[in-house]
Amino acid sequence: MNIIEVKKLTKKFGDFTAVNGISFSVKKGEVFGFLGPNGAGKTTTINMLTGLAKPSAGEIRIAGYDGSKEIKKVQQIIGIVPDESNLYDEMSGLDNLLFCASLYGMKKEVREKRAKELLEQFSLADTGKRPFKAYSKGMKRKLTIAAGIIHHPAILFLDEPTTGIDVESARQIRRLIKELNAQGTTIFLTTHYIEEAERLCHRLGFIVAGKVIKVSEVQALMEEAQQENVVEFRTEPNGLDLEKKLVRVFPKIRIKASTGHSIRITSQEPIELMPFMKFFAQEGIKVSEAKIIRPSLEDVFVKITGIGIDKLKKEKEGKRR
Amino acid sequence: MNKLMAFWSILTKDMKNYYLKPPNISWGIIFPISWTLMFFIKSDSTVDLRQILPGVMALSILFGTTSMLAVTITFERKSRSFERLLLAPISLNLLMLAKTTGAIFFGIINAFIPLLFASLMIDLSGINWLTTFLGVVLIAVTSTFLGLLIAVSVSEVFEAQTFSNFFRFPMMFLCGLFIPLEKLPVFLQPLSYVLPLTYGADLLKFAINSAGSIRLWVSLLVLIGYALVLFLISTHNIKRKWIY
Ligand SMILES: Nc1ncnc2c1ncn2[C@@H]1O[C@H](COP(=O)(O)OP(=O)(O)OP(=O)(O)O)[C@@H](O)[C@H]1O
Ligand SMILES: [Mg+2]
């Protein structure tokens, strides 16, 4: 069942089209990832889905509600974690959570219990009394997530949940997202991080320059990329000589000496290892390692979007200082 | 019930975070006090004191309310926490009422500071308290919503302050408090009748000194009308600009 249904959604800012007629759907209970470079339109899409921006055209349905006419009903069942914290600087972590809970009509005893629980869960219990502005970046992000889930939303929107925070906090957040999902929360997240998308998401949408170029299951994407078989041998000694010899002996197979001491073999057919091992033995070459190279989601992304992975990575580093 | 809870917690949060914070308390309280002192010291007879009271009250409200909105709205908008409120499952009208009710209370309290001072110095008998209270509330509501309109029209806190003065100072001189409307240059008089404070001040003059020159029900209607229009334009602007 689709819990989010988007049809031909468009957002224009003047002459500029930030989101250009995108259509996709999110299934109930899945983790759906929106992957794309800076300025692709990820945040704009989230804003339209959550009621912070008005679509220029197109249709949104969330949990059966009309995304524009019934947005207040939608907002009751969604949680939103924006890319930058939007909590109150002067208020303590605990007060921030209590305030957010009350916006959703949670009773005093209920919200107090829930807030304490969340502070505990996010290892923020000791700092719950500190003003939000005194929190570190990672703590801020965690509290913002806590505020987003305090009312047990059915759908959680996360805009770049791990950008700009340290590895350990990021890992903690990812674990949390998985737990939430396991408990039945549908997750919609955006990210720059391919590894994150690969690790967390069931399905992915690639968005570039306001267009969704592909929506697919992560599993299927990987299989699609697995069109070639690649084996890499770590050998000694090594060199151009070896490469030439190999090419002569195995004419049908693509062979490349990739670094000084490894050699990469690519073929459309499954690669049989024995003939190679025999060859190496005859030539008196030591093989210390042989590994099968699987395609990564990175390769898939580059192939589909035509965007270099370096570019995607470099962009995210410059952000949010 | 849910909505009421949201309303109440937005209101109390603003009270705790802004209205009861030392800088704002002092700004809010010192301002009417200094107005009061300034005018009371200048006036030498006790009759004068009572004449000037409606004006001081009206200005205390005007300055108290309009300056608060720059903080509760413009500042929160700038720090993005206002987005959280826009994303909450409460209607924009209720949200904006919650955001302005604090300022309205603040304005009402501000009005009673000069009154308290005056009560120590002069006899206040003969005041129509009901009308006074009604006048105070209506001036507080109207000037709060004027502050709201200004706060949603700008993006920086200082702009909100500057822009408020653009309205406040002309109103001070044109509303008939210190210079009677009849004595204003003829070409300025129509302008006076466009300003909401003129009606509020007249209402207070009527209540305190039985001296108004505009019919009571006209003043009431005009103030209520102003409040409604200012509120509607403000929410419309928010829908247009902040839910972009
Ligand atoms: N309010 C606005 N007015 C004008 N242009 C805007 C506005 N908001 C976003 N844009 C433009 O729309 C495009 C998409 O922006 P958006 O923030 O959705 O990208 P994003 O995918 O979230 O990028 P990032 O990874 O940097 O967060 C950008 O070119 C941006 O400059
Ligand atoms: Mg973004």
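Proteins get letters first, then strands, A, B, ... in listed order; numbering begins at 1 in each. Computed from a prediction, not measured in an experiment: that's the story for all the values here. Note: hydrogens, waters and symmetry copies are ignored here, and every other heavy atom, side chains too, is used.
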Aromatic ring proximity, centroids under 6.0 angstrom, A:Phe132 and A:Tyr88
no

Cut-off 4.5 Å, heavy atoms of chain A, and the answer for B:Ile10 is both

Residue part contacting chain B, namely of A:Asn47, when any heavy atom lies under 4.5 Å:
side chain

Pick whichever of A:Asp95, A:Thr50, A:Asp89, A:Leu87 has the most heavy-atom pairs under 4.5 Å with chain B.
A:Leu87

Heavy-atom proximity to chain B below 4.5 Å, by part of A:Met91
side chain

Donor on one side chain, acceptor on other, B:Arg168 and B:Thr66, under 3.5 Å
yes

Has B:Lys13 got its NZ or CZ under 6.0 Å from the middle of the six-membered ring of A:Phe99, at an angle within 45 degrees of the ring axis?
yes

In terms of heavy-atom pairs under 4.5 Å with chain A, the winner among B:Ile90, B:Leu87, B:Leu86 is B:Leu87

Under 4.5 Å from any heavy atom of chain A - which part of B:Trp8
neither

Which atoms of B:Thr12 come close to chain A, meaning under 4.5 Å heavy atom to heavy atom: side chain ones, backbone ones, both, or neither?
neither

Within a reach of under 6.0 Å around CD of A:Glu117, are more than 12 heavy atoms found that belong to other residues, nucleotides or ligands?
yes

When you look at B:Thr100 and B:Thr144, which way does the side-chain hydrogen bond (donor to acceptor under 3.5 Å, both in side chains) test go after all the steps?
CA-CA 7 Å; B:Thr100 48; B:Thr144 297; over 6 Å; no

Tell me if the aromatic rings of A:Phe32 and A:Phe157 count as close, with their centers under 6.0 Å from one another.
no

When the 4.5 angstrom heavy-atom criterion is applied to A:Lys73 and chain B, the contacting part is neither

